[in-house]
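Keep in mind that what you see is a predicted model, and the values were worked out from it rather than measured.
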Amino acid sequence: MGAFKWITGFLGWVTWGPIGAILGYFAGSAIEKTIESARQVSGSDGQGGGYAQRPAGNRNYTGTEQRNSFFVSLIVLSAAVIKADGRTLQSEVNVVKDFIRRNFGESAVDDAVSILNRTLAQDVNIYSVGGQISANMNYSQRLQLFHYLNQIAAADGNFCEAEKSVLEAIARAIGLSSSDSASIIAMFYKDAKSAYSVLEISPSATDDEVRSAYRRMAMKYHPDKVATLGPEVQKAAEEKFRKIQEAYETIKKERGLN
């Protein structure tokens, strides 16, 4: 994977937000393919190798376009989380690198880190970026994006208040409910009420309310809801689903429920 598509994607983001990043990324890809085809004097399969063009204004984005919007959004908002405590830690950068490596391959990592470093050098307007994300990603995808951002904050083993505050601002910017954002934060930011927060209930909830909350959360965070983002994102959703199950088991054990 060449650097050009990442550079044009980054410039598209700066100008038009996540959807600009999609257009920039695929424009760069098409240019790279054209250059590569010109270099290959022989051995052409006659199919052109380019991306199919869709009518302007068509907002039914393909699964690939949704994945790229998700990934660029992750990289840009990661910068805000990484900078939250005033430090840029390698453990946090590694979460982003591993994510890109699993989804795009080793050749994409250097380009992604280059974009991340450029973004770290800027002031990220969380609400401007968040507005674009809210307008162009469905709710389940935004929940999964927020889950990844929490993973970054927890990567160094010290999920601090400054990071929590930035994540709460991001949650508001991308249009998550306060209960949903608190639930995901509680999966990583541990305190005495974490298990209850994960299920979006208080410690005073009745046993029936606990059971009902678990069923509701299990349905909301089912991995199938983010299947269009690819197997790696779906795998991460399964991890989140397990955290909900763990929270439920913790409360059941505490209360002696069957």
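In plain terms, the two heavy atoms of Leu145 and Leu74 that are nearest each other are CD1-CA, 3.6 Å. Ala227 and Gln234 make their closest contact through CB-NE2, 4.0 Å (heavy atoms, listed as atom of the first residue, atom of the second, distance). Residues Asp156 and Arg87 share a closest heavy-atom pair of OD2-NH2, 3.8 Å. In this structure, Ala186 and Ser197 approach most closely via the heavy-atom pair CB-CB, 3.4 Å. Residue Ala247 comes nearest to Leu199 through the heavy atom pair CB-CG, 4.4 Å, listed as atom of the first residue, atom of the second, then distance. Summarising the geometry of Ile184 relative to Asn150, their closest heavy-atom pair is CG2-ND2, 3.7 Å, with the distance given to 0.1 Å.
Using a 4.5 Å cut-off on side-chain heavy atoms (C-beta onward), Val81 and Ile170 make contact. You'll find the side chain of Asn158 stays beyond 4.5 Å of the side chain of Glu163, heavy atoms only. With a 4.5 Å cut-off on side-chain heavy atoms, Asn94 and Lys97 count as touching. You'll find the side chain of Phe146 reaches within 4.5 Å of the side chain of Ile185, heavy atoms only. The shortest distance between side-chain heavy atoms of Val166 and Ile126 falls below 4.5 Å. Taking the side chain as every heavy atom from C-beta outward, Ser128 and Gln132 never approach each other to under 4.5 Å.
Atom CD of Glu239 sits about 8.0 Å away from atom OH of Tyr148, to the nearest 0.5 Å. The line from NZ of Lys240 to CD1 of Ile244 is 7.0 Å long, rounded to the nearest 0.5 Å. Of the inter-residue distances, the one linking Arg211 atom CZ with Glu209 atom CD reads 11.5 Å to the nearest 0.5 angstrom. Going from atom OG of Ser212 over to atom CG of Asp207 covers 12.5 Å, rounded to the nearest 0.5 Å. Remark: Thr88 OG1 to Asn117 CG distance equals 8.5 Å, nearest 0.5 Å. For the atom pair CG of Leu77 and OG1 of Thr119, the computed distance is 10.0 Å after rounding to the nearest 0.5 Å.
Cluster membership for Leu120 and Leu149, using ILVMFWY side-chain heavy atoms within less than 4.5 angstrom, is shared.
Note on Glu168 versus Lys164: salt bridge recorded, some NZ/NE/NH1/NH2 to OD/OE distance being below 4.0 Å. Between Lys235 and Glu238 there is no salt bridge, since no side-chain nitrogen of the basic residue lies less than 4.0 Å from a carboxylate oxygen of the acidic one.
Checking side-chain atoms of Ser134 against main-chain N and O of Gly130 turns up no donor-acceptor pair under 3.5 Å. Side-chain atoms of Glu249 do not come within 3.5 Å of backbone N or O of Glu246 as any donor-acceptor pair. Listed for the Ser181 side chain is a donor-acceptor partner under 3.5 Å among the backbone atoms of Ser178. The closest donor-acceptor contact from the side chain of Arg142 to the backbone of Met137 lies under 3.5 Å. When atom types are taken as modelled, the side chain of Ser114 and the backbone of Asp110 share no donor-acceptor pair closer than 3.5 angstrom. In this structure a side-chain-to-backbone donor-acceptor pair under 3.5 Å is present from Ser165 to Glu161.
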task: Could you walk me through whether Ile100 and Ile75 pass side-chain contact (heavy atoms from CB on, under 4.5 Å), step by step?
output: CA-CA 9 Å; Ile100 296 299; Ile75 292 172; 3.9 Å; yes
Task: Derivation of the side-chain contact (heavy atoms from CB on, under 4.5 Å) call for Val109 and Val113 - done: CA-CA 6 Å; Val109 173; Val113 171; 4.1 Å; yes
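The ring-ring contact (aromatic ring centres under 6.0 Å, His included) analysis of residues 159-188, with sequence neighbours excluded, yields the pairs His147-Phe188, Phe159-Tyr189. Pairs engaging residues 122-142 under the ring-ring contact (aromatic ring centres under 6.0 Å, His included) rule: none recorded [sequence neighbours left out].
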Sequence neighbours left out, cut at 3.5 Å: what donor-acceptor pairs do the side chains of residues 213-223 make with other protein atoms?
unit_1: Lys220; atom_1: NZ; unit_2: Asp180; atom_2: OD1; d: 2.4
unit_1: Lys220; atom_1: NZ; unit_2: Glu200; atom_2: OE2; d: 3.4
unit_1: His222; atom_1: ND1; unit_2: Asp224; atom_2: N; d: 3.2

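No side-chain N or O of Gln141 forms a donor-acceptor pair with one of Lys225 less than 3.5 Å apart.
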